[in-house]
Amino acid sequence: MNHEPSASDLNQPFLAANQELWDEWTAVHETSTFYDLDGFRAGGVRIKPYEIEEIGPVDGLTVLHLQCHFGIDTLSWARLGARVTGADFSPAAVALAQRLAGDLGFPEARFIQSTIDKLPEVLDDKFDLVYTSNGVLGWLPDIRDWARVVAYFVKPGGRFYLTEIHPVAQALENEDVAPGELRLQYPYWEHPEPLTFPVQGSYADPTAAVRATEEHGWDHGLGEIVTSLIEAGLEIRTLREYPFVNWKLDFLTEADDGTWRLPPGTTGELPLFFSILARKPV
Ligand SMILES: C[S@@+](CC[C@H](N)C(=O)[O-])C[C@H]1O[C@@H](n2cnc3c(N)ncnc32)[C@H](O)[C@@H]1O
């Protein structure tokens, strides 16, 4: 038996602080225009068209959504016909997700409160699709531990899908820079100690009053992410890189389609977002 402390054990105070922050952010996000909960209540689906195209039909599939926040992406998959389970470490987020599932008529949607690393201790099932997206990996101290949990929950023959900000975009300074000003600032590869940043409201509403003062994050290179998934037993089917981010970064400008891109006229190109589709062998 392995008694070595895991990266999550070693980083427990940082993860606990992040969890309190996410509890506070959940209340901010519930009423934010960023999340447009009214639009979702009215029948919206928040999964991006490129994700739906890459994953294909989910009707009747069992889907586990890791780091589901307050469940509106999870319930979007339910609206597309999936039988959904969401998991998140924030009790406030899970409580709101459960409330939304009840209000919006998804009695079979399940939401579980757990950190990623402890999820196998509280959830037994295996899934046709494990899904996670948009601002998830930077909260995790160890990408190999994460990949093992991902692979654990994929049924043989089932699939895993991730879409996330590109580690190259994460390495660039995002504050007090002009559109097109690309200033290399942060690590690209995983580092044992977190980077700590002051909290200013939330990404959904920087003016919101929040008591938490710090957030803690980790970086993971694309090679580390892909290799961890392969070592955990998944076969990578596609790895796609995109020239946009799904949210505002100061060095980008907003495009007509609502994504954020390098300003028109920029010389050269960079990947800013990516997706991975993987499969577990039968
Ligand atoms: C940016 S949100 C998820 C993105 C989601 N697509 C959205 O925009 O609603 C990140 C989520 O990760 C959760 N989280 C952060 N660290 C976690 C951990 N170690 N274990 C489980 N959940 C975690 C947070 O509570 C939060 O709900």
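Whatever order the structure lists ligands and atoms in, that order sets their numbers, starting from 1.
Not counting sequence neighbours, the partners of Thr26 by the side chain to side chain contact (heavy atoms under 4.5 Å, CB included) test are His69, Phe70, Ser90, Ala92, Ala93, Leu96.
Between Ser133 and ligand 1 there is a heavy-atom distance shorter than 4.0 Å. Proximity of Ser114 to ligand 1 is established by a heavy-atom distance of less than 4.0 Å. Using a 4.0 angstrom heavy-atom cutoff, Phe70 does not count as in contact with ligand 1. In this structure, Asp88 counts as a contact residue of ligand 1, since one of its heavy atoms falls inside 4.0 Å of the ligand. Heavy atoms of Tyr35 come nearer than 4.0 angstrom to ligand 1 in at least one pair.
In terms of protein heavy-atom proximity, atom 2 (S) of ligand 1 is nearest to Trp22 CH2, 3.5 Å.
For the pair Arg79 and Phe40, the cation-pi test (distance below 6.0 Å, angle within 45°) is passed. Within the cation-pi definition used here (under 6.0 Å to the ring centroid, within 45° of the axis), Lys118 does not qualify as a partner of Phe89.
One option in Ala92, Gly135, Gly217 has a heavy atom closer to atom 10 (C) of ligand 1 than any other, and that option is Gly135. Nearest-heavy-atom check against atom 3 (C) of ligand 1 across Glu215, Gln67, Gln113, His216 picks out Gln67.
No salt bridge links Arg83 with Asp125; every basic N to acidic carboxylate O contact stays at or beyond 4.0 Å. With salt bridges taken as basic N to acidic carboxylate O contacts below 4.0 Å, none links Arg183 and Asp250.
Asp9 and Ser6 are linked by a side-chain donor-acceptor pair at a separation below 3.5 angstrom, with hydrogens and angles left out of the test.
Proximity of Trp247 to ligand 1, defined as any heavy-atom pair under 4.0 Å, is not found for any part of the residue.
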